[in-house]
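Small disclaimer: the values here were computed from a predicted structure and weren't measured.
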Amino acid sequence: MAVIREDNILETIRMIDEENLDVRTVTMGISLLDCADPDIDVSCAKIKKKILNKARDLVKVTHDISREYGIPIVNSRISVTPIALLASVSGGDCKKYAIALDEAAKEVGVNFIGGYSALVQKGMTPGDELLINSIPEALACTDLVCSSVNIGSTKAGINMDAVRRMGQIVREAAELTKDRNCFGAAKLVVFCNAVEDNPFMAGAFHGISEPDCVINVGVSGPGVVREAVRQAGKDASMDQIAEIIKKTAFKVTRMGQLVGTEASRRLGVPFGILDLSLAPTPAVGDSVAQILEEIGLEQVGGPGTTACLAMLNDAVKKGGVMASSSVGGLSGAFIPVSEDAGMIDAASAGTLSIEKLEAMTAVCSVGLDMIVVPGETTAETLSAIIADEAAIGMINSKTTACRLIPAIGRKAGDTLEFGGLLGYGPVMPVRTVKPDVMIHRGGRIPAPMNSLKN
């Protein structure tokens, strides 16, 4: 049996107390395939019953583990089977599914439930169309429901009909919640190469290849990594910095492994994956941007940013896989603008542009996340930004995504406030040259050559 040294214990306590180390989420994935029914009301009743049965102790268990081990566990969440699959069986008003999910989530006490989703990278079924068309109203009439749509993949290419529609959906979601700071759009993610075991919101859903119920854990520690780099000093070489980040990620991952296996044991549910992602918060010292600046940038967004981010993302992944055989999800570095104090500062100063963020997404874990754009941004322009981001994911065989928030009634330079983990975001300028003809062509961008791997 491994001996736990006192200095290791003290180091972990310091990371928690001083460097914002936490388990960002314990997410229970629940399959709803057995809840499908031709009668949508019967299907919704089955969904509520199953979620309440499976997740009734989730919040209590995470609170107990947090208290007993002294590890902050910030969120308890649920992800479910993409609801479009059930809508294909039942038809009807998909908002009923969203309301059922919202009611179940509130009853068990989680802070978000994900899976109001559709996978349409190669085409749409009637159920997919029903769900996608309902997204703006579903997000407006619920509090905890998160939605995602996968519009492309390396194997399938990019469904440009879905891309065109999602630009419209994003705008509609923002407009219907403009009295709540366009919060609907903040709960909607458009993916390329979406993964089935992601525990982070708003993009989490329970993939069809997953077991009936599973526990996935998301760990975050930007402050810990930043402090480790700071202590290395300015004379350390880049490969030495990479090694320090890798060792730090190893330590953080071990903590998440403990929480995941213990939650799995207490809930009687299999442990799925551990997602080690440097997911920031607006809190001072809990920023991915500030890690990059500690490495040696004057401000994130300037020359050298993409190279530093590539090194950081790679080192985090290497440290994670050394620490656990269950690393999955997205695992790397997130760069959401509104949720990261350093990103907010850089965007407000004009150092960080959407174009630079797009370049950075080629080497990080997700994509254009929590980007606030002017309220006058057209649906076609939103679709074109989504298409650009999907192309990066498709060609590079990686997950990319867009969570774009049109700030209805506001212009570049204004601010949109969300509160909590979502923080606040400066409204970033968007180029106004029109992509309308390209977007309205529709059809499909074919899969690239590197999809032919069989």
Can you tell me if [X] uses its side chain to pair, donor with acceptor, with the backbone of [Y] under 3.5 Å?
| X | Y | answer |
| --- | --- | --- |
| Ser117 | Pro82 | no |
| Asp197 | Glu210 | no |
| Asp275 | Pro199 | no |
| Thr381 | Thr377 | no |
| Ser76 | Val110 | no |
| Asp436 | Glu380 | no |
| Asn159 | Gly152 | no |
| Lys234 | Glu294 | no |
| Ser348 | Ile344 | yes |
| Ser383 | Ile439 | no |

Q.
Between Ser287 and Asp340, is the side-chain hydrogen bond (donor to acceptor under 3.5 Å, both in side chains) condition met? List the steps.
A. CA-CA 5 Å; Ser287 161; Asp340 186 307; 2.5 Å; yes
Can you name the closest pair of heavy atoms from [X] and [Y] and give their distance?
| X | Y | value |
| --- | --- | --- |
| Val229 | Ile244 | N-CG2, 4.4 Å |
| Met394 | Thr154 | O-OG1, 2.9 Å |
| Ala249 | Gly320 | CB-N, 4.3 Å |
| Ala263 | Val61 | CA-CG1, 4.2 Å |
| Ile113 | Ala105 | CG2-CB, 3.8 Å |
| Leu32 | Thr81 | N-OG1, 2.7 Å |

Q) Between Phe334 and Phe200, is the gap from one ring center to the other below 6.0 Å? A)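 So the answer is yes for these two rings.
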No-hydrogen, no-angle side-chain donor-acceptor test under 3.5 Å, [X] and [Y]:
| X | Y | value |
| --- | --- | --- |
| Asn111 | Arg77 | yes |
| Gln168 | Arg165 | yes |
| Gln231 | Glu227 | yes |

(Q) Between Ser338 and Phe418, does the side chain to side chain contact (heavy atoms under 4.5 Å, CB included) criterion hold? Intermediate values first, please. (A) CA-CA 9 Å; Ser338 80; Phe418 302 106; 4.1 Å; yes
Q: Show the numbers, then the answer: is there a side chain to side chain contact (heavy atoms under 4.5 Å, CB included) between Val337 and Ile335?
A: CA-CA 6 Å; Val337 173; Ile335 53 172; over 6 Å; no
Tell me if the [atom1] atom of [X] is crowded by more than 12 foreign heavy atoms within 6.0 Å.
| X | atom1 | answer |
| --- | --- | --- |
| Glu137 | CD | no |
| Lys356 | NZ | yes |
| Glu175 | CD | yes |
| Arg431 | CZ | no |
| Glu107 | CD | no |

Ion pair [X]/[Y], N-O distance below 4.0 Å:
| X | Y | answer |
| --- | --- | --- |
| Lys106 | Glu103 | no |
| Asp64 | Lys60 | yes |
| Glu339 | Arg403 | yes |
| Lys246 | Glu243 | yes |

Quick one, [X] and [Y] - any side-chain contact, counting heavy atoms below 4.5 Å?
| X | Y | result |
| --- | --- | --- |
| Val189 | Val149 | no |
| Ile30 | Ser79 | no |
| Ile371 | Ile405 | no |
| Leu86 | Tyr97 | yes |
| Ile215 | Leu58 | yes |
| Ser264 | Thr261 | no |
| Asp239 | Met311 | no |
| Val163 | Val190 | no |

Please report the interatomic distance [atom1]([X]) to [atom2]([Y]), rounded to the nearest 0.5 Å.
| X | Y | atom1 | atom2 | result |
| --- | --- | --- | --- | --- |
| Asn216 | Thr25 | CG | OG1 | 9.0 Å |
| Asn198 | His206 | CG | NE2 | 13.0 Å |
| Met343 | Asp345 | CE | CG | 11.0 Å |
| Asp128 | Leu119 | CG | CG | 7.5 Å |
| Ile99 | Cys94 | CD1 | SG | 11.5 Å |
| Met28 | Cys213 | CE | SG | 4.0 Å |

(Q) As a quick check of understanding, evaluate side chain to side chain contact (heavy atoms under 4.5 Å, CB included) for Val259 and Ile73, giving each step before the final call. (A) CA-CA 9 Å; Val259 170; Ile73 302 176; 3.9 Å; yes
Q: Could you go through the side-chain hydrogen bond (donor to acceptor under 3.5 Å, both in side chains) check for Thr400 and Glu389 one step at a time?
A: CA-CA 6 Å; Thr400 53; Glu389 194 59 32; 4.5 Å; no
Q) Hey, mind stepping through Tyr116 and Thr142 against side-chain hydrogen bond (donor to acceptor under 3.5 Å, both in side chains) and telling me if it holds? A) CA-CA 11 Å; Tyr116 199 76; Thr142 58; over 6 Å; no
**Q.** Steps toward salt bridge (charged side-chain N to carboxylate O under 4.0 Å, His left out) verdict (Asp161, Arg164)
**A.** CA-CA 5 Å; Asp161 293 317; Arg164 178 180 59 204; 3.4 Å; yes
(Q) For Ser397 and Asn193: C-alpha separation, side-chain torsions, deciding distance, then whether side-chain hydrogen bond (donor to acceptor under 3.5 Å, both in side chains) applies. (A) CA-CA 7 Å; Ser397 301; Asn193 287 323; 5.9 Å; no
Q: Take Met428 and Val373 through the test side chain to side chain contact (heavy atoms under 4.5 Å, CB included) and record every step on the way to the result.
A: CA-CA 5 Å; Met428 302 181 70; Val373 299; 5.5 Å; no
